[in-house]
Amino acid sequence: RMKPAKRSPMRMKAYATFDAYLGTYEFSSGRRIVVARSERRLYSYEPGSERVRGLERVDDLTWVAGPTLLVFTPESYRLTFVKSNSGKVISIRYLEPGSKPIQGKKSTLYREEFVTFRNGGVTLSGTLLIPTSQGRHPAIVLTHGSGAQDRNGYLGNIRFMADHLARHGIAVVRLLE
């Protein structure tokens, strides 16, 4: 039986600390979980079920999801990020109440690079997701709307779109504000 999670809020200025957790995690069953973030929290998306959940921080490695997007109790599942000896996030441990945990490996279907573009006095920067498949790839630029958002978008939606496109062979630039 899982104990109720003691919550530890994510501080606004510390959100970039969790960028190492972002990406797609694949389970042996073929199931995937994509992790994104906004300026306030992490989010998970499950392609196929189309389930999106906000994740509430328990500690730096453990996060919980509730029954709907931003409702965290009762706990529906718990994600624990697993790091290698060198400190790199390599997998997640997924645990639903009453079930055995399963391990999902961080996918390498695309790579990410920070990029900068200059045109006269204007500089744009963002994150480029490049499919790992061979050959040339079509590309798209995603940007967010106004307000308190970053290159991941409100509720992580831009990150989820970018992940989907990159997994399907399209290079994506997510622009910073």
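Starting from 1, each residue takes its place in the sequence as its number.
Taking each heavy atom of Y110 and T24 in turn, the nearest pair found is OH-OG1, 3.7 Å. Across all their heavy atoms, T116 and S125 have their closest contact at OG1-CB, 3.9 Å. Contact detail for L142 and A162: the closest heavy-atom pair is CD1-N, 4.0 Å. Considering every non-hydrogen atom in both P67 and P74, the closest pair reads CD-O, 3.2 Å. Of all heavy-atom pairs between T68 and R53, the closest is O-CD, 3.4 Å. Closest heavy-atom contact between K106 and A20: NZ-O, 2.6 Å.
No side-chain N or O of D163 forms a donor-acceptor pair with one of Y45 less than 3.5 Å apart. Defined by atom type and a distance below 3.5 Å, a donor-acceptor pair is missing between the side-chain atoms of Q103 and Y25. The closest side-chain donor-acceptor pair between Y94 and R31 falls under 3.5 angstrom.
Going from atom CG of L79 over to atom OG1 of T62 covers 9.0 Å, rounded to the nearest 0.5 Å. Here CG of L95 is found 7.0 Å from CZ of R78. Values are rounded to the nearest 0.5 Å. Atoms CG and CD1, on L61 and I92 in that order, are 12.5 Å from each other to the nearest 0.5 Å. Expressed to the nearest 0.5 Å, how far CD of E46 lies from OH of Y77 amounts to 5.0 Å. Expressed to the nearest 0.5 Å, how far CD1 of I130 lies from CZ of R111 amounts to 4.0 Å. We find the NZ-OG distance between K83 and S91 to be 12.0 Å, quoted to the nearest 0.5 Å.
Applying the side-chain contact (heavy atoms from CB on, under 4.5 Å) test to S99 and every residue at least two apart in sequence or in another chain returns E96. Not counting sequence neighbours, the partners of H168 by the side-chain contact (heavy atoms from CB on, under 4.5 Å) test are H164. Shown here are the salt bridge (Lys or Arg N to Asp or Glu O under 4.0 Å) partners of E26, two or more places apart in sequence or in another chain: R32.
In terms of modelled atom types and a separation under 3.5 Å, the side chain of E50 and the main chain of G48 share a donor-acceptor contact. With hydrogens and angles disregarded, a donor-acceptor distance shorter than 3.5 Å links the side chain of S84 to the backbone of S86. With S44 contributing its side chain and I33 its backbone, the two residues share no donor-acceptor pair below 3.5 Å.
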message: Run the side-chain contact (heavy atoms from CB on, under 4.5 Å) test on E56 and R41 for me, step by step, so that the C-alpha distance in whole Å, both residues' side-chain angles and the decisive distance to 0.1 Å come before the verdict.
response: CA-CA 7 Å; E56 188 78 355; R41 72 179 65 256; 2.7 Å; yes
field: Full working for side-chain contact (heavy atoms from CB on, under 4.5 Å) between V173 and F117
entry: CA-CA 11 Å; V173 175; F117 306 90; 4.2 Å; yes
- request: Begin with the C-alpha distance, continue with both residues' side-chain angles, and end with the deciding distance and a verdict on side-chain contact (heavy atoms from CB on, under 4.5 Å) for D19 and R37.
  value: CA-CA 8 Å; D19 278 354; R37 71 158 176 81; 2.5 Å; yes
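Cluster annotation: I102 is not connected to V82 through the hydrophobic network of ILVMFWY side chains, with a link wherever side-chain heavy atoms come within less than 4.5 Å. Side-chain heavy atoms closer than 4.5 Å link hydrophobic residues (I, L, V, M, F, W, Y) into clusters, and following such links, even through other members, never connects V71 to V52. Linking Ile, Leu, Val, Met, Phe, Trp and Tyr whenever their side-chain heavy atoms come within less than 4.5 Å leaves Y21 and I90 in two separate clusters.
Taking the six-membered ring wherever Trp is involved, the centroid distance between the rings of W63 and F18 falls below 6.0 Å.
Annotation: cation-pi geometry not satisfied between R159 and Y43 (NZ/CZ under 6.0 angstrom from ring centroid, within 45° of ring axis).
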